[in-house]
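Single-structure report; data block below.
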Amino acid sequence: HIRHSAGRPRLALDDLIYKKHGITAHFGQTAFATSGNRLSHIVLTRNWNEFCTTTDDNQLIYVGTGAGRQRQAKLLSETRHSFPLFYDPKNAKTCIFYVGHWKVVTSRTRWLDPPEVYMKSQRQMYTELAFERFDEELHQAILNGENLETK
């Protein structure tokens with residue numbers, strides 16, 4: 001079982017941790033949240049990527065096709081810092097969970113030309129993330145929002 005924070009709606013996380021704990025972008029609809037040319041965090045949904053079940057395993061990420069996704073894939077492939085990873089298990093955008101700080105395993109990044117089909121969708125890039133740490137301060141900030149109204 002993978003350790004995770006309390007589940008929170010994206011808008012509640014904006015109120016709790018945006019511009020704090022290294023979170024530099026809003027919790028919008030995109031999987032790859034960026035600020036400028038820097039990755040802030042990633043929110044994975046189960047319908048586009050399978051979730052790993054332990055931090056001993058690498059998290060696999062397949063990035064879709066299209067110009068916007070190509071920019072995101074390039075940014076991800078060039079990211080060297082660890083970043084917060086969140087899971088959205090129901091793709092409802094109403095409750096997502098922090099599952100730790102992860103880092104791109106650059107030796108495992110592959111551009112797929114031609115694109116490959118993964119989970120019934122064309123994908124142009126594949127990479128793996130390795131678990132680095134679970135940020136207790138970030139976890140506590142999310143947990144302390146327990147009494148926040150859900151937006």
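The figures here come from the full heavy-atom set of this structure, side chains too, leaving out hydrogens, waters and symmetry mates.
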Checking Arg10 side chain against Gly28 main chain: does a donor-acceptor pair fall under 3.5 Å?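 Such a contact is found between Arg10 side chain and Gly28 backbone.
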With a 3.5 Å distance limit and no angle check, can you tell me whether Gln122 reaches the backbone of Thr65 through a side-chain donor-acceptor pair? no
Check [X] against [Y] and note the closest heavy-atom contact, atom names and distance.
X	Y	result
Leu39	Leu75	N-CD2, 4.1 Å
Ala25	His41	O-CE1, 3.2 Å
Lys103	Phe83	CA-CE2, 4.5 Å

I'd like to check the side chain to side chain donor-acceptor pair (under 3.5 Å) partners of [X]; sequence neighbours left out, ordered by chain and number.
X	result
Arg69	Gln72
Asp14	His26
Arg3	Glu136
Ser82	Glu132

Apply the hydrophobic cluster definition, ILVMFWY joined by side-chain contacts under 4.5 Å directly or through others, and give me every member besides Tyr118. Leu60, Tyr62, Leu112, Met119, Tyr126
Looking at residues at least two apart in the chain, or sitting in another chain, which of them share a salt bridge (charged side-chain N to carboxylate O under 4.0 Å, His left out) with [X]?
X	result
Arg38	none
Glu50	none
Lys74	Glu78

Who pairs with Thr109 by side-chain contact (heavy atoms from CB on, under 4.5 Å), at least two apart in sequence or on another chain?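 Thr109 satisfies side-chain contact (heavy atoms from CB on, under 4.5 Å) with Ser77, Val104, Met125, Thr127 once adjacent residues are dropped.
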Applying side-chain contact (heavy atoms from CB on, under 4.5 Å), can you list everything that pairs with His4, at least two apart in sequence or on another chain?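 Result, side-chain contact (heavy atoms from CB on, under 4.5 Å) vs His4: His1, Phe97, Val99.
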According to ring pair (Phe, Tyr, Trp, His ring centres under 6.0 Å), who are the partners of Tyr87, at least two apart in sequence or on a separate chain?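 Expected list: Phe51.
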According to salt bridge (charged side-chain N to carboxylate O under 4.0 Å, His left out), does anything in residues 113-130 pair up with another residue at least two apart or in another chain? List the pairs. Arg108-Glu128
